[in-house]
Colleague: 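Following this message is one structure expressed as structure tokens.
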Amino acid sequence: MSEQDGGAPEQGAPRPKKQKKRKKPKRPVPRLARGFRDQPPGKLVARRKMIETVSRVYESYGFTPLETPAIEYVDVLGKFLPESETPEGGIFTWKYDDDEWVALRYDLTAPLSRYVAKNFQELGVPFRRYQAGQVWRLEKPEPGRFREFTQLDIDIVGAGSVLGDAEIVTVLSEAMEALGIERGSYEVRLNDRKVLNGLLEVAGVNEDQVATVLRALDKLDRLGEEGVRLLLGPGRKDAGSGKGEGDFTKGAGLGDEQIETLLRFVLTPAEGRSRYLEIAGELLAESKVGLEGLAEMVELDEILTERGIEGDRVVFDPGVVRGLAYYTGPVVEVVLTYPVPDGQKPFGSVAGGGRYDDLVSRFTGQKVPATGASIGVDRLLDALERLGKVEPRSGMCPVLIAMVEKQYRATYQRWANQLREAGIPTELYVGSGGLGKQFKYADRRQFTAVVVAGGNEIAEDQVSVKDLRLGQELSADTAVSRANAGEDEEAARTQAAADRRAWLEALPGQVTVAEGDLTETVKGILARYQSPSS
RNA sequence: GCAGCCGUAGCUCAGCUGGUUAGAGCGCCUGACUGUGGAUCAGGAGGCCGCAGGUUCAAAUCCCGCCGGCUGUACCA
């Protein structure tokens, strides 16, 4: 930075450092808030499509859309710590203008129960609605887990029978298939909280052990039988990483016999609903709640069978717990059963839900049964992406019209309109720079076709259209051919020049047609890459 | 939250036991090849060496704290 120097190289090191610091103005770093992310166009469009597809299924079953605000009073959401006057952690909260605590919603179910309680008179039950929206949770972000994500909910309020639960289960299954997830590649897993409660009763689990036990059972898929056994008994030390140790998790302290009773049921293979019903029948004979739950499952099995929904779509799985949530009856979980690509993490559940009969009564004191489920849109989308089931170019404009010579601007604009009228999204290049730059732009933005016409074409009433993807393939071939040119520099240079000439002359993937055939030609190119799904 | 590992250019990383202007590959930008993305060639931009302290004549390198990332675990309405 300074011209003069020399002299004393042996000291004065710290000083220039400070000067440097002062010189640079403090600019904000363009960083993202922890746990949040941008959504690139491809993802956004794919997400929108997914929501549309599923919504259509929902509507076909009589569900209607509803939107509630992103912010609710904290006590409405049910997150309140009366002791400290401060809301519990885990959610985004702040004090609103009238000195009351508000929060960003952490799910769509709590706001729904608020809505129902508020409008109960006019609504009439059963009330079916679906809702897609962002929810926010202030938790530790992890790969695939963010502080803002999208849920797609479906609920029936005011229907107490398992017919409502069956409806939810059916719609979830239909939704998966509408998204192109083949039967057999997903599984709707069903269980019942009453059955679980009965099981705990039979096993002689104390009131204060219930939470720990349920949590432990919920971890079967991740920790395996041995891990769960430890958590039910003395406790478990996690693997940590590297040199080990790790943290110790306290167990429920159950006896061997109790553990055996629990595991005997929970480890029952999920295939065949009748097997589930059989074992539950044997185990729960002594438990009132258990038998209630069993009766629900029996009826669910009947209803589903009547609907023609067999075990290849909906299974009964005693291992489904669904956390400590507010569920009171049947609980559902949807998992993808595609084989996991080598070494990657399993897909996990992409949707979940169940019956919650106490949520509205929080407000009204009146018991209003409800049942529903929520699809984790981002997670499901990520899974489909990993499986290559999402068109990576979705949302990208397919056609670019190059601004070859400004004098033909009017013509280019006319063509653009013509293509749009034919239903083809078309972009007119509005940047600066020559053709080379425009092609680079087209390449990076992943256009499928470029319309290019200068004086040469226009004089003949013609137009050139280049298939970019085809061109890319063709040019890859020439690149290979010149790889073995040898070491001789001179030869290599002429070879390169020749390549250049050949490349320019070949105009790979490009055709020149009569102006009148523009639309058809473009359509033809786009048709080559049309994916069958969309 | 707890525990362990990690933090050098946009990306992947090099920089030995502290020693003068911190490097590479890829990517990016400009230009050449006279209307075409590839290839080739010539230039170029870009680093508070995560942040803030400390030890030292001297720190990207050693020590401490914080922040951030990864992994496991806890929580997950």
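Letters A, B, ... are given to chains in the order of the sequence lines, protein chains preceding strands, and every chain is numbered from 1.
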Colleague: Would you measure the distance from the C1' atom in B:rG23 across to the matching atom in B:rC16 and give it in whole Å?
Modeller: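 The same atom, C1', in both gives a distance of 15 Å.
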Colleague: Using purine N1 to pyrimidine N3 plus N6-O4 or O6-N4 for Watson-Crick, or N1-O2 and O6-N3 for G-U wobble, both under 3.5 Å, which nucleotide pairs with B:rC76?
Modeller: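 B:rC76 is paired with nothing.
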Colleague: Categorize A:Glu457 for me: base, sugar-phosphate, or nothing, with a 4.0 angstrom heavy-atom threshold over every strand shown.
Modeller: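 Answer is base: heavy atoms of A:Glu457 come under 4.0 Å of a base.
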Colleague: In whole Å, what is the span from the CG atom of A:Asp153 to the P atom of B:rA77?
Modeller: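 Answer to the nearest Å: 13 Å.
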Colleague: Within this structure, what is the CG-to-P distance between A:Leu214 and B:rA74, rounded to whole angstrom?
Modeller: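 In whole Å, B:rA74 P and A:Leu214 CG are 15 Å from each other.
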Colleague: CZ of A:Arg147 versus C1' of B:rC75: gap in Å, rounded?
Modeller: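 It is 13 Å, rounded to the nearest whole Å.
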Colleague: Check this one for me: any side-chain N or O of A:Lys140 less than 4.0 Å away from OP1 or OP2 of B:rU73?
Modeller: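 No, outside the criterion.
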Colleague: Within this structure, what is the CZ-to-P distance between A:Arg105 and B:rC76, rounded to whole angstrom?
Modeller: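 The answer, rounded to whole Å, is 22 Å.
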Colleague: Reading RNA chain B from 5' onward, which residue's closest nucleotide shows up sooner: A:Leu470 or A:Arg444?
Modeller: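 Here A:Arg444 is the residue nearer the 5' end.
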Colleague: Give a yes/no on whether any side-chain N or O of A:Arg34 is located under 4.0 angstrom from OP1 or OP2 of B:rG69.
Modeller: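 Yes, because at least one side-chain N or O of A:Arg34 sits under 4.0 Å from OP1 or OP2 of B:rG69.
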Colleague: With a 4.0 Å cut-off on heavy atoms, is A:Glu405 in touch with a base, just the backbone sugar-phosphate, or nothing at all?
Modeller: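 Result for A:Glu405 = nothing.
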Colleague: Looking at every strand, decide which applies to A:Gly454 at a 4.0 Å heavy-atom threshold: base, sugar-phosphate, or nothing.
Modeller: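 It contacts base atoms.
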Colleague: Rounded to the nearest Å, what distance is computed from the CZ atom of residue A:Arg469 to the C1' atom of nucleotide B:rG38?
Modeller: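 Those two atoms, CZ and C1', are 17 Å apart.
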Colleague: Quantified in whole Å, what is the C1' atom distance between nucleotide B:rU21 and nucleotide B:rG53?
Modeller: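 Taking atom C1' in both B:rU21 and B:rG53, they lie 27 Å apart.
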Colleague: Among A:Val116, A:Ile71, A:Leu77, A:Asp153, which one satisfies side-chain contact (heavy atoms from CB on, under 4.5 Å) with A:Pro111?
Modeller: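 With A:Pro111 as partner, A:Val116, A:Ile71, A:Leu77, A:Asp153 yield a single side-chain contact (heavy atoms from CB on, under 4.5 Å), made by A:Leu77.
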Colleague: Looking at A:Asp218 and A:Arg322, is there a salt bridge between them, counting it only when a charged N and a carboxylate O are closer than 4.0 Å?
Modeller: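 A salt bridge is absent here (no side-chain N lies under 4.0 Å from a carboxylate O).
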Colleague: What distance, rounded to whole Å, do you find between the two C1' atoms, one in B:rC28 and one in B:rG65?
Modeller: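 Comparing C1' positions in B:rC28 and B:rG65 gives a spacing of 37 Å.
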Colleague: When you compare B:rG15 with B:rA24, how far apart are their C1' atoms, in angstrom units rounded to a whole number?
Modeller: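 Comparing C1' positions in B:rG15 and B:rA24 gives a spacing of 11 Å.
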Colleague: Taking any heavy-atom pair under 4.0 Å as a contact, classify A:Gly455: base, sugar-phosphate, or nothing.
Modeller: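 A:Gly455: base contact, heavy atoms under 4.0 Å.
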Colleague: If you only use heavy atoms from C-beta on, which nucleotide in B:rG37, B:rA74, B:rG35 is closest to the side chain of A:Leu223?
Modeller: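 Nearest to the side-chain atoms of A:Leu223, counting from C-beta on, is B:rA74.
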Colleague: Can you see if the side chain of A:Arg236 gets near the phosphate of B:rG72 - specifically, an N or O under 4.0 Å from OP1 or OP2?
Modeller: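 Checking B:rG72 against A:Arg236, no side-chain N or O comes under 4.0 Å of OP1 or OP2.
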Colleague: Should A:Arg222 be listed as having a side-chain N or O under 4.0 Å from OP1 or OP2 of B:rA74?
Modeller: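 Yes, such a contact exists.
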Colleague: How close do A:Gly133 and A:Arg105 get, heavy atom to heavy atom, and via which atoms?
Modeller: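 Between these two residues, the closest heavy atoms are CA-NH2, 3.7 Å.
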Colleague: For A:Tyr326 and B:rA77, do the ring centres fall under 5.5 Å apart while the planes stay under 30° apart?
Modeller: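 The ring of A:Tyr326 is not stacked on B:rA77.
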Colleague: Is there, by distance only and without an angle test, a donor paired with an acceptor across the side chain of A:Gln438 and the base of B:rU36 below 3.5 Å?
Modeller: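 No pair found.
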Colleague: Given the P atoms of B:rC62 and B:rG50, what is the spacing between them in whole Å?
Modeller: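 About 11 Å, rounded to a whole number of Å.
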Colleague: In the strands shown, is B:rU34 matched to any nucleotide by a Watson-Crick or G-U wobble pair with both distances under 3.5 Å, and which?
Modeller: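 By the stated definition (distances under 3.5 Å), nothing pairs with B:rU34.
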Colleague: For RNA chain B, whose closest nucleotide is more 5', that of A:Glu139 or that of A:Phe447?
Modeller: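 Closer to the 5' end of RNA chain B: A:Phe447.
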Colleague: Do the charged groups of A:Glu139 and A:Arg145 touch, with an N to O distance under 4.0 Å?
Modeller: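 Yes, charged N to carboxylate O under 4.0 Å.
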Colleague: Taking B:rG7 as the reference, what is the distance to B:rC49 when you measure between their C1' atoms (whole Å, please)?
Modeller: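 To the nearest whole Å, 10 Å.
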Colleague: Can you say whether a donor on the side chain of A:Lys466 sits under 3.5 Å from an acceptor on the base of B:rG37, or the other way round?
Modeller: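 Check passes, donor-acceptor contact within cut-off.
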Colleague: Going by purine N1 to pyrimidine N3 plus the second Watson-Crick contact, or the G-U wobble pair, all under 3.5 Å, which nucleotide sits opposite B:rC66?
Modeller: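 Answer to the pairing question: B:rG50, which forms a Watson-Crick or G-U pair with B:rC66.
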Colleague: According to a strict under-4.0 Å criterion, is A:Lys219 in side-chain N/O contact with OP1 or OP2 of B:rG72?
Modeller: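 A:Lys219 to B:rG72 OP1/OP2: no side-chain N or O under 4.0 Å.
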Colleague: Looking at A:Arg215, I'd like to know whether one of its side-chain N or O atoms comes within less than 4.0 Å of OP1 or OP2 on B:rC75.
Modeller: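 Answer is yes, contact under 4.0 Å.
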Colleague: Applying the Watson-Crick and G-U wobble criteria at under 3.5 Å, what pairs with B:rG44? Answer none if nothing qualifies.
Modeller: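 Pairing partner: B:rC28.
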Colleague: For the C1' atoms, the ones on B:rG54 and on B:rG18, what distance do you get once it is rounded to whole angstrom?
Modeller: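 The same atom, C1', in both gives a distance of 15 Å.
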Colleague: Any strand is fair game: report the nucleotide pairing with B:rA3 by Watson-Crick or G-U wobble, both distances under 3.5 Å, or none.
Modeller: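 Per the H-bond distance test, B:rU71.
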Colleague: Please report the distance, rounded to the nearest Å, between OH in A:Tyr327 and C1' in B:rA77.
Modeller: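 Those two atoms, OH and C1', are 8 Å apart.
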Colleague: Assess whether one donor atom and one acceptor atom, taken from the side chain of A:Asn456 and the base of B:rG35, lie less than 3.5 Å apart.
Modeller: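 Yes, the side chain and the base share a sub-3.5 Å donor-acceptor pair.
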Colleague: Atom CG of A:Asp107 to atom C1' of B:rA77: distance rounded to whole Å?
Modeller: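 The distance from CG of A:Asp107 to C1' of B:rA77 comes to 6 Å, rounded to the nearest Å.
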Colleague: Side chain of A:Lys437: nearest nucleotide among B:rG37, B:rA74, B:rU30?
Modeller: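 Ranking B:rG37, B:rA74, B:rU30 by closest atom to the A:Lys437 side chain puts B:rU30 first.
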Colleague: For a side-chain contact (heavy atoms from CB on, under 4.5 Å) with A:Asp192, tell me which candidate from A:Val195, A:Leu190, A:Leu196 qualifies.
Modeller: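 Testing A:Asp192 for a side-chain contact (heavy atoms from CB on, under 4.5 Å) against A:Val195, A:Leu190, A:Leu196 leaves exactly one candidate, A:Val195.
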Colleague: Looking at A:Asp358 and A:Lys367, is there a salt bridge between them, counting it only when a charged N and a carboxylate O are closer than 4.0 Å?
Modeller: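 Judged by the 4.0 Å cut-off on N to carboxylate O distance, A:Lys367 and A:Asp358 do form a salt bridge.
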Colleague: Assess whether a salt bridge exists between A:Arg37 and A:Asp378, defined as any Lys/Arg side-chain N lying under 4.0 Å from an Asp/Glu carboxylate O.
Modeller: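 Looking at A:Asp378 together with A:Arg37, the answer is yes, because their closest N to O distance falls below 4.0 Å.
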Colleague: Without decimals, in angstroms, what is the distance between A:Asp155 CG and B:rA77 C1'?
Modeller: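 The distance from CG of A:Asp155 to C1' of B:rA77 comes to 13 Å, rounded to the nearest Å.
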Colleague: Taking only the P atom of each, what is the distance from B:rG38 to B:rA32 in whole angstrom?
Modeller: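 Straight-line distance between the two P atoms is 14 Å.
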Colleague: For A:Phe63 and A:Tyr130, I'd like to know if the aromatic rings sit close, meaning centre-to-centre distance below 6.0 Å.
Modeller: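 Between A:Tyr130 and A:Phe63, which both carry aromatic rings, the centre distance is not below 6.0 Å.
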